[in-house]
2 protein chains.
Amino acid sequence: MEIRQLRTLIALVESQFNMSRAAEKLNLVQSALSQQLNRLENELGAKLFIRKGKRLKSLTTVGEEVFKQATIVLSAINNIHSVGKEYTERDFGVLNIGTTHMQARYILPPVIKLFSQLYPDVELQIHQGTPQQLVQLAMNYEVDFSICTEALAGNSQFTLIPCYQWNRSLIVPPEHPLADKKNISLEDLCDYPIVTYVAGFTGSKRVLETFKQSKLQPHVVLSAADSDIIKSYVREQMGIGIIASLAYDRKNDSDLKCRDLGELFPWEITRIAYPKDKYLRKYQQVFIQLLLKQVSKHGSESGYFCLPEEKVMT
Amino acid sequence: MEIRQLRTLIALVESQFNMSRAAEKLNLVQSALSQQLNRLENELGAKLFIRKGKRLKSLTTVGEEVFKQATIVLSAINNIHSVGKEYTERDFGVLNIGTTHMQARYILPPVIKLFSQLYPDVELQIHQGTPQQLVQLAMNYEVDFSICTEALAGNSQFTLIPCYQWNRSLIVPPEHPLADKKNISLEDLCDYPIVTYVAGFTGSKRVLETFKQSKLQPHVVLSAADSDIIKSYVREQMGIGIIASLAYDRKNDSDLKCRDLGELFPWEITRIAYPKDKYLRKYQQVFIQLLLKQVSKHGSESGYFCLPEEKVMT
DNA sequence: TTAATTTACGTGTATCGTAAGGATA
DNA sequence: TATCCTTACGATACACGTAAATTAA
């Protein structure tokens with residue numbers, strides 16, 4: 001058995017069982033893949049794919065299991081390469097971070113600045129996506145780690161490092177009735193059109209759940225993927241905005257009134273996630289440390305809170 | 001990188017850094033290994049071995065890490081082969097069991113008989129050893145699983161299946177004063193020369209600890225690795241015997257009096273252990289099931305007790 | 001038809017074995 | 001000196017690419 005063959009198997013799955021595309025990915029011609037797959041299947045004595053005529057349709061039971069193990073093999077092989085690079089090009093390389101718009105915009109900038117000074121020769125690549133995509137990216141080793149809030153539940157294959165917790169705030173124009181109301185309740189929020197995050201993003205799910213549990217019907221007029229857009233629409237008087245507290249910037253958003261809603265909604269925990277079996281290079285560890293240090297230093301003044309030093313490995 | 005090269009790395013470590021012996025293991029000439037190692041080290045850009053002149057002395061830090069990952073790779077590759085065989089030769093193969101004399105002699109016979117009837121074409125190999133050796137065997141994939149009582153603590157890389165619990169009994173010639181004494185205490189045992197298991201075997205450690213905790217000095221005249229030898233010496237009037245209760249056979253040992261000591265010593269738990277990442281073939285699973293069924297059926301009548309259905313994964 | 005896969009065949013590469021050359025205990 | 005490792009070199013094997021055949025959409 002050859003590592004090449006396992007790479008091929010994985011590429012085939014990743015390209016929806018299309019050999020030509022998989023071959024392109026691997027910089028080979030189709031026929032090479034065809035031969036590799038044959039050799040592998042012959043060696044194992046079992047077909048790995050269910051075929052319709054000549055075309056691959058899906059994995060067989062054997063294929064599923066072999067695929068799983070092949071993933072483990074390639075992860076370990078990757079780790080070996082990382083170990084090698086760690087000793088030849090200690091401070092050179094690429095750091096791939098999967099993250100949402102919110103982190104990239106409000107949390108990461110100072111961390112990245114510091115990191116770039118420490119490691120000027122490490123290229124930083126920020127991969128944005130939905131929480132679901134971020135989980136996928138981390139699982140497929142396409143990023144070194146993902147920073148995300150949702151879609152991590154029950155994923156026992158990740159190392160999870162809790163980073164900080166946060167909640168929402170209401171933003172309204174200063175002349176709005178809610179700008180100075182004493183206690184703001186869920187019911188109050190339902191009296192006005194709401195602008196908040198689209199489903200699946202930035203904890204929007206749990207906002208809606210909270211309303212539902214109180215049998216309330218919020219009137220969401222507009223939902224956007226990121227906080228800046230929500231702010232714009234609040235400025236345009238489209239409605240009241242519910243955003244993550246940390247997305248409110250005292251300087252630049254002084255034309256909006258911000259009211260903390262920490263009592264009304266459940267707290268969210270943002271975590272760093274990477275596969276348990278992944279080997280972390282030094283500069284990758286440093287980045288994580290910098291991030292943790294940043295949130296513990298400047299968290300409370302910016303609407304979020306670092307968590308006790310506890311590494312939750314789920 | 002090639003799987004071959006990782007195999008070579010592992011063989012080198014297993015043969016104490018002796019290339020010639022490693023080459024023999026792999027059915028290659030030394031020069032082939034030398035070349036492989038060079039290629040691997042070149043590709044990684046780091047030396048994996050600390051050398052003294054031309055000879056390999058030990059692993060470097062990089063080597064240690066690469067070795068660890070190589071182990072993972074080969075374990076997964078083994079699994080893939082197992083998956084293949086599971087579908088081509090479903091009921092053919094070899095079952096390697098690591099076990100102590102006690103299990104092999106008193107627990108396994110009926111299980112093995114049943115298993116051989118179910119799988120006449122599976123070759124059974126019993127590997128005997130000390131608990132420490134059994135752990136090693138399982139870790140190096142030289143056995144499919146080990147059945148052992150000690151030396152498992154803190155091994156987070158094993159799947160552990162509790163099998164049964166047992167304790168000790170006293171065996172004496174029928175005319176011995178302790179044969180009919182009402183309550184037997186630790187002190188009573190210290191009044192006579194004792195024959196029991198050698199250190200490191202069959203829970204002997206905890207027997208001695210128990211005496212020590214009561215500040216007692218037992219007089220061990222003889223220790224043996226297995227129960228049959230202990231019985232022989234008790235028959236020869238060398239002293240009183242402390243053996244696992246399940247080693248007392250009502251029929252064949254009727255010339256010896258057996259007194260339960262379950263109140264005096266801590267209970268031992270015997271477990272099945274195999275690496276967490278190991279793929280278990282059907283017949284391997286069946287063997288484990290048969291073993292569990294056997295102890296739950298016939299345990300209590302034979303001096304040991306099955307445990308509640310609980311899979312302790314440490 | 002077009003797109004996708006398999007099979008046949010030739011080429012180049014790379015691994016192994018043989019054998020000779022150094023180094024260590 | 002005996003054991004062990006490295007290097008050089010030639011043979012063999014095999015994976016890849018080209019191209020033609022085969023089969024689904």
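Small disclaimer: the values here were computed from a predicted structure and weren't measured. The chains referred to below are lettered A, B, ... by the order of the sequence lines, with proteins before strands, and numbering in each begins at 1.
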Nearest-nucleotide 5' precedence on DNA chain D, A:Arg55 against A:Asn27: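 The residue mapped nearer the 5' terminus is A:Asn27.
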
Within 45° of the ring axis of A:Phe92 and under 6.0 Å from its six-membered ring centre, is that where the NZ or CZ of A:Arg90 lies?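 No, a cation-pi geometry is absent between A:Arg90 and A:Phe92.
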
What is the separation between atom [atom1] on [X] and atom [atom2] on [N], rounded to the nearest whole Å?
X	N	atom1	atom2	value
B:Gln16	D:dC4	CD	C1'	15 Å
A:Lys57	C:dA4	NZ	P	11 Å
A:Met1	D:dA15	CE	C1'	17 Å
B:Glu2	D:dC14	CD	P	13 Å
A:Leu33	D:dT18	CG	P	14 Å

For a quick test of reading the model: is some side-chain N or O of [X] closer than 4.0 Å to OP1 or OP2 of [N]?
X	N	result
B:Arg39	C:dC16	yes
B:Arg4	C:dA14	no
A:Arg51	C:dT6	yes

Distance check, rounded to the nearest 0.5 Å: [X] atom [atom1] versus [Y] atom [atom2]?
X	Y	atom1	atom2	result
A:Gln30	A:Met19	CD	CE	9.5 Å
B:Asn140	B:Ser75	CG	OG	11.5 Å
B:Glu41	B:Thr60	CD	OG1	7.5 Å

Heavy atoms under 4.0 Å, any strand shown: does [X] hit a base, just sugar-phosphate, or nothing?
X	answer
A:Leu28	sugar-phosphate
A:Phe49	nothing
B:Gln36	sugar-phosphate

Tell me, yes or no, whether the heavy-atom count around B:Lys85 atom NZ, taken from other residues, nucleotides or ligands under 6.0 Å, exceeds 12.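 Not buried by this count: 12 neighbours or fewer within 6.0 Å.
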
Do B:Ser20 and D:dT3 have a side chain to base donor-acceptor pair shorter than 3.5 Å?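 In this structure, the two groups form no donor-acceptor pair.
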
Between the base of D:dT22 and the side chain of A:Lys54, is there any donor-acceptor pair under 3.5 Å?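 Indeed, a donor on one side and an acceptor on the other fall under 3.5 Å apart.
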
Looking only at heavy atoms, which two atoms of A:Arg51 and A:Lys47 are closest? And how far apart?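 What the structure gives for the nearest pair is NH1-CD, 3.6 Å.
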
Starting at the 5' end of DNA chain C and moving along, which residue's nearest nucleotide shows up first, B:Gln30 or A:Ser31?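 The residue closer to the strand's 5' end, by nearest nucleotide, is A:Ser31.
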
Take the C1' atoms of the five end pairs on each side of the helix from C:dT1-D:dA25 to C:dA20-D:dT6, derive the two axes, and give their angle rounded to 10 degrees.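 End-to-end axis angle: 40°.
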
For B:Phe145 and B:Phe287, take the angle between the two ring planes, folded into 0 to 90°, and tell me which bin it lands in: parallel under 30, tilted 30 to 60, perpendicular over 60.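 The rings of B:Phe145 and B:Phe287 sit tilted, inter-plane angle from 30° to 60°.
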
